[in-house]
Amino acid sequence: MERRRGLDACGYFEREGSLGLVQAEFRSVVAAAREQTGEAYGSRLHSAYLYGSVPRGTARPGRSGLDLLLVLHHMPSDDDRDTAEVLARGLDEDFPEVDGVGILLRGKAAVLSEAERFDLGWFLACLCTPLLGADLAEHLPRYRPDGLLARETNGDLADVLPRWRRQVQEASGPGQYRKLSRLFARHLVHTGFTLVMPRWGGWTSDLAESAEVFGTYYPERAAQMRAAAAVALDPVEDPAVLRTYVEDLGPWLADEYTARHGTKTPR
């Protein structure tokens, strides 16, 4: 059987990304993120991780964002979230090579919990690159591209759509439309890929490839998903695109996902 990209010889996910893949243009911001994160959280921080295009070595200077997962020893407080906001804003302002900085805050107990084993735990173990502190992946299992993983990662799109519709209604101005178009498109492409992931038998985080893989199983929706992948990389200011996501592609994808994999376990 042909070996799929992203899996080892035994069929388990290979961890994507590494600090060695970070391109020269992004090494300064990564070093600053490591230093400033440690200073900002001190003993409250258990570990920090990079994810996304920067540790995969596919980031585009001035167009790609820097994404961080910070795991604290305790559940994040409002003060912790305020600190993350200040940290993200400062890094974004100081380093023009990144277009936005996103910081996820989670508690150690949540990452290692049974409820998050096939969502947040999988995300850390397979898609995150250790940046600072002890790697929690050592306490998590190995993962395969199966239906359970599909359900627990993206089986909640139906619950997400009402919030998206409110955001579209409340948005005003090109900047907000661009931000939402990138957010929605990325989510839809990743969800489309994990819908077919068990059948394809592999993993990719590449948006264009994700759309192509999806299209082989749903050719009638292939053009829409390819277009969404393009928007995820180059967001648009057209609110009509957002309405298409929340009124057509999103609801169809949510129904198909539920029919094939079921719904995500309530948290």
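This one's a predicted model, so the numbers in the text were calculated from it and none came from an experiment.
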Residues in side chain to side chain donor-acceptor pair (under 3.5 Å) contact with [X], at least two apart in sequence or another chain:
{"X": "Tyr49", "result": "Ser47"}
{"X": "Arg60", "result": "none"}
{"X": "Asp248", "result": "Arg221, Gln224"}

Under-4.0 Å salt bridge between [X] and [Y]:
{"X": "Asp99", "Y": "Arg178", "value": "no"}
{"X": "Glu97", "Y": "Arg27", "value": "no"}
{"X": "Asp92", "Y": "Arg89", "value": "no"}

Just verifying a value: how many Å separate [X] [atom1] and [Y] [atom2], rounded to the nearest 0.5 Å?
{"X": "His73", "Y": "Leu45", "atom1": "NE2", "atom2": "CG", "value": "7.0 Å"}
{"X": "Glu237", "Y": "Leu242", "atom1": "CD", "atom2": "CG", "value": "11.0 Å"}
{"X": "Leu149", "Y": "Arg144", "atom1": "CG", "atom2": "CZ", "value": "12.0 Å"}

Pick out which of Tyr257, Trp164, Phe193 makes a ring-ring contact (aromatic ring centres under 6.0 Å, His included) with His187. Trp164
Using only atom types and a distance under 3.5 Å, with no angle test, would you say the side chain of [X] pairs donor to acceptor with the backbone of [Y]?
{"X": "Thr216", "Y": "Val213", "answer": "yes"}
{"X": "Arg15", "Y": "Cys128", "answer": "yes"}
{"X": "His46", "Y": "Gly133", "answer": "no"}

Going through the distances and angles, do Glu116 and Asp119 end up as a side-chain contact (heavy atoms from CB on, under 4.5 Å)? CA-CA 5 Å; Glu116 293 290 348; Asp119 189 7; 3.5 Å; yes
When you look at Arg5 and Asp206, which way does the side-chain contact (heavy atoms from CB on, under 4.5 Å) test go after all the steps? CA-CA 11 Å; Arg5 192 176 81 153; Asp206 181 271; 3.9 Å; yes
Report the C-alpha separation of Leu50 and Asp67 in whole Å, then their side-chain angles, then the decisive distance to 0.1 Å, and conclude whether the side-chain contact (heavy atoms from CB on, under 4.5 Å) test is met. CA-CA 6 Å; Leu50 295 175; Asp67 297 306; over 6 Å; no
